[in-house]
J.: 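The structure that follows is given in the form of structure tokens.
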Amino acid sequence: MTGNAKEAARWAPVAMLLMLALVAPLFGNSPTGVVVPLLLAVVFGCVNLMVKKREQVADHR
């Protein structure tokens, strides 16, 4: 995989979860439908940043 495709594949789940959190209120009045995707997006985003940082450190060694 090239660098751009790898980055896109890494951030696609985060984008989909954010979109789900934005659209969820249209389908009902459940705060869980908004909070859970947002929390998962934050977790996936943090993991992505940690992986990227580790890759950068590994590349410099």
Side-chain angles (χ1 to χ4, degrees):
M1 253 188 190
T2 64
N4 289 337
K6 192 175 183 181
E7 283 293 316
R10 183 181 292 165
W11 288 101
V14 175
M16 289 187 332
L17 285 167
L18 289 175
M19 291 305 298
L20 180 64
L22 289 172
V23 175
L26 299 175
F27 296 104
N29 197 13
S30 173
T32 306
V34 176
V35 172
V36 171
L38 279 176
L39 288 176
L40 286 173
V42 168
V43 169
F44 286 163
C46 290
V47 169
N48 285 342
L49 291 175
M50 287 178 16
V51 168
K52 188 174 182 178
K53 186 73 169 175
R54 283 187 183 171
E55 288 176 351
Q56 287 176 349
V57 169
D59 288 343
H60 289 295
R61 287 185 179 182

J.: Count the heavy atoms belonging to other residues, nucleotides or ligands that lie under 6.0 Å from CG of N4, then report whether that count exceeds 12.
T.: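 Incorrect, the count does not exceed 12.
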J.: Name the atoms and distances for all side-chain donor-acceptor pairs under 3.5 Å in residues 10-31, with sequence neighbours left out.
T.:
unit_1	atom_1	unit_2	atom_2	d
R10	NH1	E7	OE2	3.0
R10	NH2	E55	OE1	3.1
R10	NH2	E55	OE2	3.0
W11	NE1	E7	OE1	3.2
S30	OG	T32	N	3.4

J.: Other hydrophobic cluster members with V35, side-chain heavy atoms of Ile/Leu/Val/Met/Phe/Trp/Tyr under 4.5 Å, chained?
T.: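 Joined to V35, directly or through intermediates: L39.
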